[in-house]
Peer 1: 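Supplied in structure tokens, the structure appears directly below.
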Amino acid sequence: MPQQVTLSQVMQQLEAQGDDKVRQRYVRDGAGDNVFGVLLGKIRGLAQALGTNHALGLELWASGNHEARILACMLLDPGALTEKEARALLEPLSHPTLVDELVGRVLVHAPVAEALQTRWIDGDAELPRRAGWKLLAGRIARGLAKDLDVEATLARIERELPAAPYRVKEGINYCLVWIGLHVPGYTEAAIAIGERLGRWDDRPIPKGCTSSYAPEWIAAALALRRGEKTEARQAMESASAKKKAAPVKKKSAAKKSSAAKHVR
């Protein structure tokens, strides 16, 4: 990878690693049409080769390509972003995956994170509201929300989650779970609120994944901290072991004989 890599070179590499089936999945998930279909692992590998490159990151973001923007989230320098610049990156977005990548990889580390969090949580736009709650959760996990009124925040979560749009619900719920996991003394309070809010997400839980229901999510995360495995993880590992242990089917004698005759 040349040190002075250009936008054109990176875009060519991304396009070359695209897969049509992956592309179709991304499009179905709402990534838009400007998509190559590059798996996240390959984007990470490219990011490691490039290192932090704020200028290139901004160019990649400006391309509008889905994978280029994911890559940009891995190259941007959080300290170089003003509040105005950060808002210009996030507020036009229509895909929650990009919102989460930008928040989790860049904005949560930015000096302007708290100002963005306050603005977005108090706003009306759906995905910026999601971003605001996820920003708060990320700051809590990193010990950066030391002045947070936790009880008032929990009361707001319980008040606002039921009527919020679905994508905002996800962000609020994420913050509830992170308070339960990262704020000492508030685990039981977060679980109790989750129980009162109930199972607001009725989607089936993918195999091997944890429920989004806050009490179960918190319990699973705490179990992992203790070195315990969740039922979902145990089931997945058991299925994987059975698959590996399954006997390999041997070719029939007739097929072997036929093959031998063919060789002669």
Side-chain angles (χ1 to χ4, degrees), residues 1 5-50 53 56-76 88-108 125-131 133-134 137-138 164-174 199-213 217 230 232-233 235-237 239-240 242-244 246:
M1 181 69 62
V5 66
T6 66
L7 173 65
S8 176
Q9 289 171 323
V10 176
M11 295 299 289
Q12 287 174 11
Q13 289 193 51
L14 286 171
E15 186 172 11
Q17 295 184 56
D19 178 271
D20 192 55
K21 288 184 178 178
V22 177
R23 181 186 183 282
Q24 290 174 26
R25 186 173 80 236
Y26 287 174
V27 171
R28 284 196 304 272
D29 290 343
D33 294 325
N34 192 351
V35 177
F36 294 140
V38 186
L39 292 170
L40 186 59
K42 293 184 177 180
I43 299 176
R44 286 198 196 103
L46 184 53
Q48 288 175 355
L50 290 168
N53 189 330
L56 178 59
L58 291 175
E59 287 185 308
L60 287 163
W61 191 272
S63 74
N65 175 266
H66 177 70
E67 287 88 355
R69 285 184 162 183
I70 296 289
L71 177 59
C73 292
M74 302 175 188
L75 305 185
L76 290 170
L89 294 178
L90 186 134
E91 290 178 2
L93 294 178
S94 58
H95 189 26
T97 296
L98 269 177
V99 169
D100 294 349
E101 287 288 324
L102 185 59
V103 168
R105 294 183 182 276
V106 183
L107 300 184
V108 75
E126 183 174 346
L127 288 183
R129 279 181 68 194
R130 173 192 181 92
W133 284 103
K134 289 224 164 187
Y166 179 79
R167 296 303 185 189
V168 180
K169 275 187 170 76
E170 288 184 314
I172 296 174
N173 186 67
Y174 185 82
R199 295 181 182 274
W200 54 268
D201 186 351
D202 58 1
R203 295 176 304 172
I205 302 168
K207 193 175 292 186
C209 293
T210 303
S211 168
S212 61
Y213 179 48
W217 190 347
T230 63
R233 173 61 62 180
M236 186 172 66
E237 290 182 359
S240 177
K242 286 179 181 178
K243 188 175 180 181
K244 289 179 180 178

Peer 1: Would you call E126-R129 a salt bridge at under 4.0 Å N-O?
Peer 2: no
Peer 1: To check you understand the geometry: which heavy-atom pair defines the closest contact between G64 and R69, and what is its length?
Peer 2: CA-NE, 3.7 Å
Peer 1: Are the side chains of R199 and S211 in touch, meaning some heavy atoms are under 4.5 Å apart?
Peer 2: yes
Peer 1: Check for a donor-acceptor pair, side chain of E59 on one end and backbone N or O of L7 on the other, with a separation under 3.5 Å.
Peer 2: no
Peer 1: Taking C-beta and beyond as the side chain, do D201 and Y166 meet within less than 4.5 Å on heavy atoms?
Peer 2: yes
Peer 1: Report the distance from atom CE of M11 to atom OG1 of T6, rounding to the nearest 0.5 Å.
Peer 2: 11.0 Å
Peer 1: Quick check: closest heavy atoms across L39 and R25, and the distance to 0.1 Å?
Peer 2: CD2-NH2, 4.1 Å
Peer 1: Could you give the distance from CH2 (W61) to CG (L76), rounded to the nearest 0.5 Å?
Peer 2: 8.0 Å
Peer 1: Taking all non-hydrogen atoms of both residues into account, name the closest pair between T210 and W217 and its distance.
Peer 2: CG2-CA, 3.8 Å
Peer 1: Please give me the minimum heavy-atom distance between V106 and C73, naming the atom from each residue.
Peer 2: CG2-O, 3.2 Å
Peer 1: If you measure from the Lys or Arg side-chain nitrogens to the Asp or Glu carboxylate oxygens, is any gap between D19 and K21 under 4.0 Å?
Peer 2: no
Peer 1: So do K169 and I172 actually touch side chain to side chain, heavy atoms under 4.5 Å?
Peer 2: no
Peer 1: Please report the shortest heavy-atom distance between G57 and L75, naming the atom on each side.
Peer 2: CA-CB, 4.3 Å
Peer 1: Using modelled atom types only, decide if a donor and an acceptor are shared between the side chain of Y26 and the backbone of V38 within a distance under 3.5 Å.
Peer 2: yes
Peer 1: Atom CD in E15, atom CZ in F36: separation rounded to 0.5 Å?
Peer 2: 4.5 Å
Peer 1: Can you measure from CG (L50) to CE (M74) and round to the nearest 0.5 angstrom?
Peer 2: 11.0 Å
Peer 1: Taking it one step at a time, do D29 and T97 satisfy side chain to side chain contact (heavy atoms under 4.5 Å, CB included)?
Peer 2: CA-CA 9 Å; D29 290 343; T97 296; over 6 Å; no
Peer 1: Could you tell me whether D100 and K134 have a side-chain N and a carboxylate O separated by less than 4.0 Å?
Peer 2: yes
Peer 1: Looking only at non-hydrogen atoms, find the nearest pair between V99 and A131 and report the distance.
Peer 2: CG1-CB, 3.8 Å
Peer 1: Does the side chain of I70 come within less than 4.5 Å of L98's, by heavy atoms?
Peer 2: yes
Peer 1: Got a donor-acceptor contact below 3.5 angstrom from the R23 side chain to the D33 backbone?
Peer 2: yes
Peer 1: Have a look at H66 and tell me which of N34, L71, V35 forms a side chain to side chain contact (heavy atoms under 4.5 Å, CB included) with it.
Peer 2: V35
